[in-house]
Amino acid sequence: MGAASGMESAIVDSSNLIDSLNAAQREAVTAPCGRTLVLAGAGSGKTRVLTHRAAWLLQAEEASAYSILAVTFTNKAAAEMRGRIAGLVGIAAGGMWIGTFHGLAHRLLRLHWREAGLPQHFQILDAEDQRRLIRRTLRNLEIDESRWPPRQIQGFINARKDEGRRPEALEPHDAYSEQMRQLYRAYEEACRAGGGLVDFAELLLRCYELLRHQPALLEHYRRRFRHILVDEFQDTNRIQYEWLRLLAGSESDVFIVGDDDQSIYGWRGAQVENMQRLQRDEPSTRVLRLEQNYRSTRTILAAANALIARNSRRLGKHLWTEGAAGEPIAVYAAFSEQDEARFVVERIRSLIESEGYARSDCAILYRSNAQSRAFEETLFGREIPYRVYGGLRFFERAEIKDALAYLRLLVNRNDDASFERVINTPPRGIGVKTLDALRSQARQRQTSLWQAAGELLRAGALSGRAARATTAFIELIDRLSGPLAEPALAARIEVVLAQCGLHEHYAKDRSERGLDRLENLDELISAARTFEQAREPTDDEADSLTAFLAHAALEAGEVQAGEQDDGVQLMTLHSAKGLEFPVVFLVGLEEGLFPHRMALDEPGRLEEERRLCYVGITRARQRLLLSFAERRRLHGQDHYGTASRFLLELPTELVQEVRARFSVTRPQTKVHAVEPMVTADTAAFSLGQRVRHATFGEGIVLSCEGSGPNTRVQVNFAHSGSKWLVAAYANLKPCP
DNA sequence: TTTAGTTGAATAAAG
DNA sequence: TTCAACTAAA
């Protein structure tokens, strides 16, 4: 309340705020409150618009920071947004809720755990925890894991939750779907019995249901969050979409930024259709476009535009730049993946040596992780530092998860998953037999393993050695959470690590791996210290341990950073989204690899592959180099591939084939030109072009078919949706 | 309980 | 080919 007043002085003059924006950005930032959907092309200043919008609301609209909710997908994006808004308006951003969908849902559930039907100290399951729990559930039901793979069940459950469906809402149509439904039910029951375990999908669904079923609460938050900002809207799944609509009600100002052409997460539930759905569900939505690109050369943009124009069902957008044409796009047809790596690395070397590029200016982007290998070996061989993104993150490491399982057990004895994880880690003589006895007792009495252990001990049902070890374990946990337990988080964790034997266990291991793990455990203690210091005391009622455990699940930490600050960057296309590099090598452009074979049969999935390629191309600022290998070793077997269709879809005039300097014995492949997409008759309309119709208003050309007087054009109108029109009668006028 | 050997799967991955 | 998960032997 009083917080904002003292900080107002830090706010810069509002005229400065929009001075640095172009006309389209300014129009978006200053759009009147209501429903706004900004179609923000790659490199068009999307984050700028979002952060300036927030600043604008605070200044020109005199909105209170308290009334703003901003949602992103990643912690990184949330942190960046927070930082940039703070930079624009001073620290007045303090009262805003800025976070990921999951982080915000979690916050609401923590505040209203009772209404949400959760225990106060409910724990979050990450993907691995969830799979383990499913596996345990299967064993309890004596279901064959090879016939019902846990991964598949996990996928099923999460997909249903992403759609907002509980087991009761399913309509099984065969034995398989009926069994899946049963397993979904059993899993839900296991989560409940485990003392309120909440997986990632559950956070969202549970929060949605909370708001849905508590009208007073919903009303409260609707009144509070007058302004909602959404980033990367094309990545929302069904439940996120419904959650946003519910929270927004009909009154809130909703400002959404997204790009349907960069939707690459359909496989994890994202629904690009939400972009169209929004316009249907909220007809008052004002659609604005950011099409001026500040990142890439004209050549690179032309290639990107041409490629993405082949997709249907686009909202339509045409990126342009005031910048120079730049270098042509190089294509290298490699003989093998080693040859490909050699070419790329040699190029990087010469860019660094003769053109003054830094190593970190160069990125190698590939479709699948396995492809990094050849590049790593070559870079390593030439002693060029590099950094590979992806892989295990800090809180996902086994030793860290072991430690966290001990901590969870302190908070909740009935957390069977954690119990099983640590009962014999480090080894303390409790083997399968003892564990089996505990499990069957627990199943019989419908209790947790912890309770079952107590019962069996009291009944004297365990053999001497097992009984001693189990008693010691139970006493250990009780002692660690007892009245003498250290109150300060970091110190407490230190005590736990020392007492439970994990520290000693890894200290015995003198190998590099053991040293690594020991280091990580120490790192955990300092992570806790940092966390405790950064935590706002008023955050919520949760104690610091519970809060830290949630933090560990929600923010699994940075992907392991290579030691090199200035190294060549290697990553998948997916993880490159949102980044940019002066030089991009897009490698492995082969049919079956990219587009991936798994995506070949379905047109929708193929289009997602094409968008992925579009994302890759638009990462490049100055130079783009493409390559493919004619022979590639996959899973120990040689494959002879052909150039990716995406290569052939690029306008030939933008592309220059690089020839090997020495003649390598290899079959010559040509990058053939592909037939033009639009025939001469229909060329008047290019895909993605904006046109005006006398009655339907403005729209975007989605596709053309037929020729001459029969030409039919599909146009997606901003207000009337998509329609097929006969070009000869429609009298469509191109829009400037 | 630990280990060596076997089997099977292998697209992308935030929270 | 590689890696994780599992099984059988010590």
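Computed from a predicted model, the values in this text were never measured in an experiment. In the text below, chain A, chain B and the rest are named by the order of the sequence lines, each starting its count at 1.
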Polar side chain donor-acceptor pair, A:Asp402 to A:Thr425, under 3.5 angstrom: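 There is no such pair between these side chains.
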Residue from A:Asp144, A:Leu133, A:Ile153 passing side-chain contact (heavy atoms from CB on, under 4.5 Å) with A:Leu138: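 Exactly one option meets the side-chain contact (heavy atoms from CB on, under 4.5 Å) with A:Leu138, and it is A:Ile153.
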Check the distance between [N]'s [atom2] and [X]'s [atom1] and give it to me in whole angstrom.
X        : N      : atom1 : atom2 : value
A:Arg268 : B:dA14 : CZ    : C1'   : 5 Å
A:Leu606 : B:dT11 : CG    : P     : 17 Å
A:Arg135 : C:dA5  : CZ    : P     : 7 Å
A:Leu104 : B:dA14 : CG    : C1'   : 14 Å
A:Gln154 : B:dG15 : CD    : C1'   : 13 Å
A:Ile157 : B:dG15 : CD1   : P     : 22 Å
A:Arg610 : B:dA12 : CZ    : C1'   : 18 Å
A:Lys161 : B:dA14 : NZ    : P     : 20 Å

Base paired to B:dA10 (Watson-Crick or G-U; both N/O distances under 3.5 angstrom):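 Because both required distances fall under 3.5 Å, B:dA10 counts as paired with C:dT1.
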Selected nucleotide, minimal atom distance to A:Thr100 side chain, candidates B:dT11, B:dA10, B:dG15: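 That would be B:dG15.
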Proximal nucleotide (of B:dA13, B:dT11, B:dG15) relative to the A:Met598 side chain: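 That would be B:dT11.
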Comparing A:Phe200 and A:His574 on DNA chain B - which has the more 5′ nearest nucleotide: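 Nearest-nucleotide comparison on DNA chain B picks A:His574.
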Given DNA chain B, 5'-ward residue of the pair A:His596 and A:Thr74, judged by closest heavy atom: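 First, find each residue's nearest nucleotide; the 5'-ward one identifies A:His596.
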State whether [X] places a side-chain N or O below 4.0 Å from either non-bridging phosphate oxygen (OP1 or OP2) of [N].
X        : N      : result
A:Ser575 : B:dA13 : yes
A:Thr572 : B:dA13 : yes
A:Arg393 : B:dG15 : yes

Aromatic centroids of A:Phe473 and A:Phe419 separated by under 6.0 Å: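 Yes, the ring centres sit under 6.0 Å apart.
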Close aromatic pair by centroid cut-off 6.0 Å: A:Tyr241 and A:Trp243: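 A:Tyr241 vs A:Trp243: aromatic centres not under 6.0 Å.
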Nearest-angstrom distance, P atom, B:dA13 to C:dA4: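 Here B:dA13 and C:dA4 have their P atoms 16 Å from each other.
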Integer angstrom distance from the C1' of C:dC3 to that of B:dA14: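 Straight-line distance between the two C1' atoms is 23 Å.
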Centroid distance under 5.5 Å and plane angle under 30°, A:Trp267 vs B:dA12: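 Stacked: centres under 5.5 Å apart, planes under 30°.
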Could you tell me whether [X] contacts a base, only the sugar-phosphate backbone, or nothing, with contacts defined as non-hydrogen atoms closer than 4.0 Å?
X        : answer
A:Asn369 : sugar-phosphate
A:Arg373 : sugar-phosphate
A:Ile430 : sugar-phosphate
A:Asn424 : sugar-phosphate

base_contact_polar (B:dA12 base, A:Arg367 side chain, donor-acceptor, <3.5 Å):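 Indeed, a donor on one side and an acceptor on the other fall under 3.5 Å apart.
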Smallest separation among heavy atoms of A:Arg314 and A:Ile308, with atom names: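 Closest pair (atom of A:Arg314, atom of A:Ile308, distance): CD-O, 3.3 Å.
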Candidates A:Arg131, A:Arg132, A:Lys401 - the one meeting salt bridge (Lys or Arg N to Asp or Glu O under 4.0 Å) with A:Asp126: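 Only one of A:Arg131, A:Arg132, A:Lys401 forms a salt bridge (Lys or Arg N to Asp or Glu O under 4.0 Å) with A:Asp126, namely A:Lys401.
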